[in-house]
A.B. asks: 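Input: one structure, supplied below.
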Amino acid sequence: MAEKKPAGLDAFKEDQSVKTIDTSKKIKVGIIGTGWIAEAHAIEYKKMPDVELVALADLIPGKAEKFKETWGLEGARCYLSGHEMLENEELDAVSICTYNRQHAPCAIDALEHGVNVMLEKPFCVTTEEAVDVIRAEKKSGKILSIGFQPRFNPNMRLIKQIVQSGQLGKIYYIQTGGGRRRGIPTPFGTTFIEDATAGIGAMADIGCYSLDMVLNALGYPKPLTVSGFTTDYFGKNPEYWTVEGKPANYADIFGVDDFAGGLIRLEGGIILDFRIAWAMNLDTSGDTIIMGTKGSLRIPSTECWNGSIGGPLKIYHDVESTRIGVATEIPMQKSLPEGEFYHKLRSFLDAVKEGGKAPVPSSEILYNQAIIDHIVKSSKLGREVEVVIPEI
């Protein structure tokens, strides 16, 4: 039996109105790290009439200059380090697009120079690094937003609206994750897979999105304990990297997780069952399920997890005052015309211009990072660990 429209469904409609951009004041922006993710930043910034991309920095000689030429950033000055750029430019904001292990030092440096920061995900590598960045943020008084563009997808916002509406009752169990059958991201170089640059693998790349989807819907409860595990069976296997009969060199340098999972106890008596994979002998590790005392929500998975959903949401509940179970399908929401990545940057810049708050605040993503970090710690120790977050 299927119910066409539960009470309150209209409340889940997304407001897709677009703000008018004030072009009377230009925002001077720099980019630190000119790899492939920086391309998305440049593309979106160039669409914004109130933005001037004035500076680029990359540790590899000539890379920033090539980026400047490729994307037509005439007038942008190029530097061999973010620090040199910050010392010589008067910037309003900076996008940090470096590899994971440079996220924290670059963010702290920018904040100490009085510059607002858009920090690409993951937040960083360890809980302690995240705390250091937040301390610098608080001391600077500047805005730090973390680059989680799925937050701006109408379907992701719908998930939060459903959970926060109370229609599911008390949430007590969540299953979430995602994966790719074959999706270790070496086409973009080796910074994703080497420990010296990445520090974390699949969890940092796509796992953080999955965690944010459910934790944001819940209002980001504090994680209490983690029992986690990580593996590298595919990344370390030379046969995985064989292309046209010729083995690649990646197995020798692979130093992060290609699969990870954990059982996390959250405040409020909520259990979070999480798993993520870059590679596995499976098309999907399962749908996301949010179980509550009044109803449950199923979020269809995708075969190549990238922070999206694989189909319409379904709410499972009983007809009021009966024990007749029904499933209500909620139509997928249309994506915003400008795209989630645009709105990630636009909301950050609006906060900078208007003195607002970070659209994806570090105080929330601290818990996201702590879960990932403590999965690593638990895996190394082979037992459950308490989540320890230093005082800020």
Side-chain angles (χ1 to χ4, degrees), residues 25-35 37-38 40-42 44-46 48 50-61 63-65 67-68 71 73 75-126 128-148 197 199 344-366 369 390 392:
K25 182 182 182 300
K26 300 289 186 179
I27 306 174
K28 294 183 179 181
V29 177
I31 297 178
I32 300 176
T34 56
I37 194 61
H41 286 250
E44 302 305 333
Y45 280 139
K46 288 185 69 175
M48 302 177 190
D50 59 341
V51 172
E52 292 180 350
L53 268 174
V54 300
L56 307 166
D58 200 286
L59 296 172
I60 300 174
K63 191 173 179 180
E65 286 80 2
F67 187 92
K68 171 183 174 179
W71 298 103
L73 303 176
R77 292 166 290 278
C78 298
Y79 299 91
L80 281 172
S81 74
H83 182 75
E84 183 185 5
M85 183 181 80
L86 293 165
E87 286 283 293
N88 289 277
E89 297 285 345
E90 293 185 5
L91 300 171
D92 298 305
V94 64
S95 277
I96 296 177
C97 303
T98 62
Y99 50 77
N100 300 347
R101 286 202 181 275
Q102 281 298 306
H103 281 194
C106 287
I108 291 170
D109 196 14
L111 291 165
E112 289 179 345
H113 278 84
V115 178
N116 298 288
V117 174
M118 164 55 66
L119 178 60
E120 262 302 338
K121 62 80 185 170
F123 192 158
C124 45
V125 175
T126 70
E128 291 75 18
E129 285 179 344
V131 167
D132 288 342
V133 174
I134 295 174
R135 286 170 178 162
E137 174 194 7
K138 288 182 177 292
K139 187 176 180 179
S140 71
K142 295 298 179 180
I143 293 171
L144 167 67
S145 189
I146 316 300
F148 282 72
T197 51
K344 172 177 81 172
L345 300 183
R346 186 68 255 174
S347 63
F348 164 66
L349 295 179
D350 287 342
V352 170
K353 292 179 74 171
E354 300 165 7
K357 296 182 180 180
V360 184
S362 60
S363 57
E364 294 179 353
I365 309 305
L366 170 62
Q369 189 68 50
I392 299 174

A.B. asks: From Leu53 CG over to Ser95 OG, what is the distance, rounded to the nearest 0.5 angstrom?
C.D. replies: 8.0 Å
A.B. asks: Does anything in residues 75-113 form a ring pair (Phe, Tyr, Trp, His ring centres under 6.0 Å)? List the pairs, not counting sequence neighbours.
C.D. replies: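 Residue pairs with at least one partner in residues 75-113: His83-His113.
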A.B. asks: Can you tell me if NZ on Lys28 sees more than 12 non-hydrogen neighbours from other groups inside 6.0 Å?
C.D. replies: no
A.B. asks: Between Gln102 (side chain) and Thr98 (backbone), is there a donor-acceptor pair under 3.5 Å?
C.D. replies: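 The answer is no, because no donor-acceptor pair under 3.5 Å joins these two groups.
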A.B. asks: Could you check if a side-chain atom of Leu80 sits within less than 4.5 angstrom of a side-chain atom of Asp58, using non-hydrogen atoms only?
C.D. replies: no
A.B. asks: Check Pro122 against Asn100 and note the closest heavy-atom contact, atom names and distance.
C.D. replies: CD-OD1, 3.3 Å
A.B. asks: Without swapping roles, check the side chain of Ser145 against the backbone of Met118 for a donor-acceptor pair under 3.5 Å.
C.D. replies: no
A.B. asks: Does a side-chain N-to-carboxylate-O contact under 4.0 Å join Asp92 and Lys26?
C.D. replies: no
A.B. asks: To the nearest 0.5 Å, tell me how far Arg101 CZ sits from Thr197 OG1.
C.D. replies: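 Here the interatomic distance stands at 8.5 Å.
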A.B. asks: Output all residues satisfying ring-ring contact (aromatic ring centres under 6.0 Å, His included) with His41, sequence neighbours left out; order by chain, then residue number.
C.D. replies: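 Testing His41 for ring-ring contact (aromatic ring centres under 6.0 Å, His included), a comparison that skips the adjacent residues, returns Phe341.
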A.B. asks: Mind checking whether Val117 and Ile143 have side chains closer than 4.5 Å, heavy atoms only?
C.D. replies: no
A.B. asks: Enter the distance from Ile60:CD1 to Phe67:CZ here, rounded to the nearest 0.5 Å.
C.D. replies: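 Reported to 0.5 Å precision, the distance equals 13.0 Å.
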A.B. asks: I'd like to know whether Leu91 forms a side chain to side chain contact (heavy atoms under 4.5 Å, CB included) with Val29, so could you lay out the CA-CA distance, the side-chain angles of the two residues, the decisive distance to 0.1 Å, and finally the verdict.
C.D. replies: CA-CA 6 Å; Leu91 300 171; Val29 177; over 6 Å; no
A.B. asks: Give a yes or no answer on whether the side chain of Asn88 reaches the backbone of Glu84 with a donor-acceptor pair at less than 3.5 Å.
C.D. replies: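 A pair under 3.5 Å: yes.
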A.B. asks: With side chains defined as the heavy atoms from C-beta onward, is the minimum distance between Asp132 and Glu129 less than 4.5 Å?
C.D. replies: no
A.B. asks: Ignoring hydrogens, what is the shortest heavy-atom contact between Ala130 and Gln369? Give both atom names and the distance.
C.D. replies: CB-CG, 4.3 Å
A.B. asks: Kindly give the heavy-atom pair with the smallest separation between Ile31 and Cys97, and that separation in Å.
C.D. replies: CG2-SG, 4.2 Å
A.B. asks: Between CD1 of Ile96 and SG of Cys124, what distance do you get to the nearest 0.5 Å?
C.D. replies: 11.0 Å
A.B. asks: Hey, are Lys142 and Glu112 close enough for a salt bridge, meaning a charged N less than 4.0 Å from a carboxylate O?
C.D. replies: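 No, no charged N to carboxylate O under 4.0 Å.
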A.B. asks: Taking only residues two or more places apart in sequence or in another chain, which ones pass ring-ring contact (aromatic ring centres under 6.0 Å, His included) with Phe148?
C.D. replies: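 With sequence neighbours excluded, Phe148 shows a ring-ring contact (aromatic ring centres under 6.0 Å, His included) to Tyr209, given in chain and number order.
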A.B. asks: Measuring only between side-chain heavy atoms, which start at C-beta, is Glu52 closer than 4.5 Å to Ile27?
C.D. replies: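 Result no, sub-4.5 Å side-chain heavy-atom pair not found.
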A.B. asks: To check you understand the geometry: which heavy-atom pair defines the closest contact between Val131 and Pro390, and what is its length?
C.D. replies: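 Closest heavy-atom pair between Val131 and Pro390: CG2-CD, 3.8 Å.
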A.B. asks: If you measure from OG on Ser362 to CD1 on Ile365, what distance do you get to the nearest 0.5 Å?
C.D. replies: 8.5 Å
A.B. asks: Tell me the closest heavy-atom pair linking Ala38 and Gly33, and the distance in Å.
C.D. replies: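 It is CB-O, 3.2 Å.
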A.B. asks: Give a yes or no on whether Glu90 atom CD has more than 12 heavy-atom contacts from other residues, nucleotides or ligands under 6.0 Å away.
C.D. replies: no
A.B. asks: Is there a side-chain contact between Asn116 and Phe348, using heavy atoms and a 4.5 Å cut-off?
C.D. replies: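 Result yes, sub-4.5 Å side-chain heavy-atom pair found.
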A.B. asks: Less than 4.0 Å between a side-chain N and a carboxylate O, is that true for Arg346 and Asp50?
C.D. replies: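 Yes, charged N to carboxylate O under 4.0 Å.
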A.B. asks: Any ion pair linking Asp350 and Lys353 (charged N to carboxylate O, less than 4.0 Å)?
C.D. replies: no
A.B. asks: Is the shortest heavy-atom distance from the side chain of Val360 to the side chain of Lys121 under 4.5 Å?
C.D. replies: no
A.B. asks: With rounding to the nearest 0.5 angstrom, report the CD1 to CG distance, Ile32 to Leu56.
C.D. replies: 10.5 Å
A.B. asks: Ala76 and Ala55: which non-hydrogen atoms are nearest, and at how many Å?
C.D. replies: CB-N, 4.3 Å
